Trainee: 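Quick one: structure below, then a few questions.
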Amino acid sequence: MSVILSVQNVRKTYDGGFEALKGASLDIQEGEIIALLGPNGAGKTTLISTICGISSLTSGAITVAGMDIARDYRKVRAMIGLVPQEIALEPFETVINSVRFSRGLFGKAKNEAYLDEILKTLSLFDKKDSKVMALSGGMKRRVLIAKALAHEPKVLFLDEPTAGVDVELRKDMWNTVAKLKGQGVTIILTTHYIEEAEAIADRIAVINGGEILLVEDKAALMARMGKKQIRIELLEPVQEIPTKLAPYGLELAPDGGGLTYTYDVNAERTGITGLLNDLQAAGLQMRDVQTQQSSLEDIFVDLVQEDGA
Amino acid sequence: MNFQAIAAIYTFEMARFFRTLKQSFISPVLSTSLYFVVFGTAIGSRMEAVDGVDYGAFIVPGLIMLSVMTQSISNASFGIYFPKFIGTIYELLSAPVNFLEIVIGYVGAAATKSLFIGLVILGTAYLFVDLDIQHPIAMMSFLLLTCLSFSLLGFIIGIWAGNFEQLNLVPMLVVTPLVFLGGSFYAISMLPEFWQTVTLFNPVVYLISGFRWAFFGTADVAIGISLGAIGLFTLACMGFIWWIFKTGWRIRS
Ligand SMILES: Nc1ncnc2c1ncn2[C@@H]1O[C@H](COP(=O)(O)OP(=O)(O)O)[C@@H](O)[C@H]1O
Ligand SMILES: [Mg+2]
């Protein structure tokens, strides 16, 4: 795999003096789906805007397929499709004309068959001749995606594509993304829905306060950062944790009926066997035992909190 | 050159025009007809001929200019302000287009619209007065240049404007007075001497004078000067727009 998009030390200071990107660096591999995960105001949209030419960058370098985004703007921009965070569409125009406009604007010759296919994939075909203003919010978002795909981009940016859309559209969107990936399109998606990143991304970049905190393979990230917990339900509640069990750092449920043990999956010894033995030795009887793995969400919250601290 | 992009912008903008075709024509045709009725027929019948031209006919070039200038400005300024206002400008900014292509697309469409309207007014004028255009080619050239240069000006206003009030401010406060005082309804020589001098600082005077020369062969200022003035004005607008795109003034954060 080769690097299709390279962001090196990018800083962006807005006119008011606010620094929204503080030296962000990121390499994106051709054909991957990368999720840019970060809380509101982290700088996700700003990063995308500077890559796409909507905002100017203050310093740093961005290349797409080895070409500088400013010097080779024509070639670079022809490769990129952008679905913006905010819905922005010409209200009085029809769906198909809006999509045709996008294709032409990006320098591609007419291809009605291709546009029809996009509209069908996005379940927009029967709305082809409707005016944009007559569509629901979810439908408008589909039109935005259709516009972004109209010129057959190699790299697609989706800026919070599923914020505030219904479940059906979210599933449709994920299917579309999977299909595009199958065609070799590189997809950069920003979201603050962890489940979204977890469901469709190959890699995850966490951004906060204008800095990229980490970029990692999704599975590796979860394995590395993953903590597992065992929850033990007791047959009879206890008042306090027996001193014998103190080394395990257990947590007692408020009603005294359960204990939670947290351990690191990657540690050499998890301490599970010892715990179970010691529980018995302390005379506690177990009703049930459950394990649970921390989700990406926990990892993310941990990271952002550490960053803020 | 991204010709596809120019065509896309032009078609998209013209579609806006055709969607509102009736409104686009009715209002200028109606207001011009009123001018003819009031100034041409009612008042004009009591006026003596100006430079040997019947007053009703004399005001035709000025009326056409008045409409063409205001229409060019409002069409072009709205054309580029609207994408800024509704946010669709993101697509222009992220597209593989340069400033020239954007300008040709938007300004071309705005100029086409006002050219149509100018010709419709000319047609309307034939219903009211006898016209015999002496220099048709010069007439069309002046008309075209005016559509173009005022559409460029409108484009600048549209980029500059931060809200709808500002969008209407310049046409109202600057352009309408300049056009009215530019000799639409009188020959400059009819003014007191002092005001004749002041008037020479009004760029619109040169346009109307040149345009009227193309109709009747009489002018307030030499035709060469008229052409030079409008050429200069067009270049100045182009230069300013080039600077806007180079710096991203008011469009790129
Ligand atoms: N045009 C702008 N001018 C000034 N500050 C801005 C502008 N756009 C965004 N910001 C600020 O930059 C920061 C990052 O914003 P943004 O990139 O939109 O974050 P995200 O997309 O991650 O929610 C925020 O603090 C926001 O207020
Ligand atoms: Mg955002």
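Computation of the quantities below employed the complete heavy-atom set of this structure, encompassing side-chain atoms and omitting hydrogens, waters and symmetry-equivalent molecules. Because the structure is predicted, anything quoted here is derived from the model rather than measured. In what follows, chains carry the letters A, B, and so on, assigned in the order in which the sequence lines appear, proteins first and then strands, with residues in each chain numbered from 1.
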Trainee: Relative to chain A, which segment of B/L92 carries a heavy atom at a distance below 4.5 Å: side chain, backbone, both, or neither?
Mentor: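 Both the backbone and the side chain of B/L92 come within 4.5 Å of chain A.
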Trainee: Under the 3.5 angstrom rule, does the side chain of A/R74 hit a backbone N or O of B/A95 as a donor-acceptor pair?
Mentor: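 Not confirmed, A/R74 side chain does not pair with B/A95 backbone.
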Trainee: If you count every heavy atom of other residues, nucleotides or ligands that lies below 6.0 Å from A/K154 atom NZ, does the total exceed 12?
Mentor: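 No, because the 6.0 Å sphere around NZ of A/K154 holds 12 heavy atoms or fewer from other groups.
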Trainee: Please report the closest heavy-atom contact between A/R77 and B/L93, naming both atoms and the distance.
Mentor: NH1-O, 3.1 Å
Trainee: Out of curiosity, B/Y90 OH to A/L144 CG, how far, rounded to the nearest 0.5 Å?
Mentor: 5.0 Å
Trainee: Might you confirm whether atom CZ of B/F245 has over 12 heavy atoms from other residues, nucleotides or ligands at distances under 6.0 Å?
Mentor: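 Atom CZ in B/F245 is crowded, with more than 12 foreign heavy atoms closer than 6.0 Å.
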Trainee: Between B/F3 and chain A, which part of the residue has a heavy atom less than 4.5 Å away: side chain, backbone, both or neither?
Mentor: neither
Trainee: Going by an N to O cut-off under 4.0 Å, is there a salt bridge joining B/R19 and A/E90?
Mentor: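 Yes, this pair counts.
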Trainee: Might you point out which heavy atoms bring A/Y73 and B/V97 nearest each other, and give the distance in Å?
Mentor: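 Of all heavy-atom pairs spanning A/Y73 and B/V97, the closest is CE1-O, 3.5 Å.
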Trainee: Among A/R100, A/K12, A/K108, which has the most heavy-atom pairs under 4.5 Å with chain B?
Mentor: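 Top option by heavy-atom pairs under 4.5 Å: A/K108.
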Trainee: Check whether any side-chain heavy atom of B/I86 sits under 4.5 Å from a side-chain heavy atom of A/L89, and report yes or no.
Mentor: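 They are not in side-chain contact.
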Trainee: Please check if atom CH2 in B/W242 has more than 12 non-hydrogen atoms from other residues, nucleotides or ligands closer than 6.0 Å.
Mentor: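 12 or below, so no.
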Trainee: Give me the atom names and distance for the closest heavy-atom approach of A/N97 to B/F12.
Mentor: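 Heavy-atom minimum between the residues: O-CE1, 3.9 Å.
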Trainee: Taking C-beta and beyond as the side chain, do B/N2 and A/F106 meet within less than 4.5 Å on heavy atoms?
Mentor: no
Trainee: For B/I137, is the CD1 atom crowded, meaning more than 12 foreign heavy atoms sit under 6.0 Å from it?
Mentor: no
Trainee: Determine whether more than 12 heavy atoms belonging to other residues, nucleotides or ligands lie under 6.0 Å from atom CE of B/M238.
Mentor: no
Trainee: Examine whether an atom of A/F92 lies under 4.5 Å from a heavy atom of chain B, and if so say whether it belongs to the side chain, the backbone or both; otherwise answer neither.
Mentor: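 For A/F92, the contact with chain B is made by backbone and side chain together.
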Trainee: Hey, does B/E91 have a side-chain heavy atom less than 4.5 Å from the side chain of A/S102?
Mentor: yes
Trainee: State whether the number of non-hydrogen atoms from other residues, nucleotides or ligands found under 6.0 Å of B/Y126 atom OH is greater than 12.
Mentor: yes
Trainee: Atom OG in B/S94, atom CD1 in A/I54: separation rounded to 0.5 Å?
Mentor: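 Going from OG on B/S94 over to CD1 on A/I54, the span is 5.0 Å.
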Trainee: Check B/P96 against A/L105 and note the closest heavy-atom contact, atom names and distance.
Mentor: CD-O, 4.0 Å
Trainee: Should B/I9 and A/F101 be marked as a side chain to side chain contact (heavy atoms under 4.5 Å, CB included) after you check the CA-CA gap, both sets of side-chain angles, and the distance that decides it?
Mentor: CA-CA 7 Å; B/I9 296 173; A/F101 171 74; 4.0 Å; yes
Trainee: Which answer fits A/A148, side chain, backbone, both or neither, if we ask what part of it has an atom under 4.5 Å from a heavy atom of chain B?
Mentor: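 Neither part.
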Trainee: If you count heavy-atom pairs within less than 4.5 Å of chain B, which of A/K110, A/E86, A/E93 leads?
Mentor: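 Highest number of pairs under 4.5 Å: A/E93.
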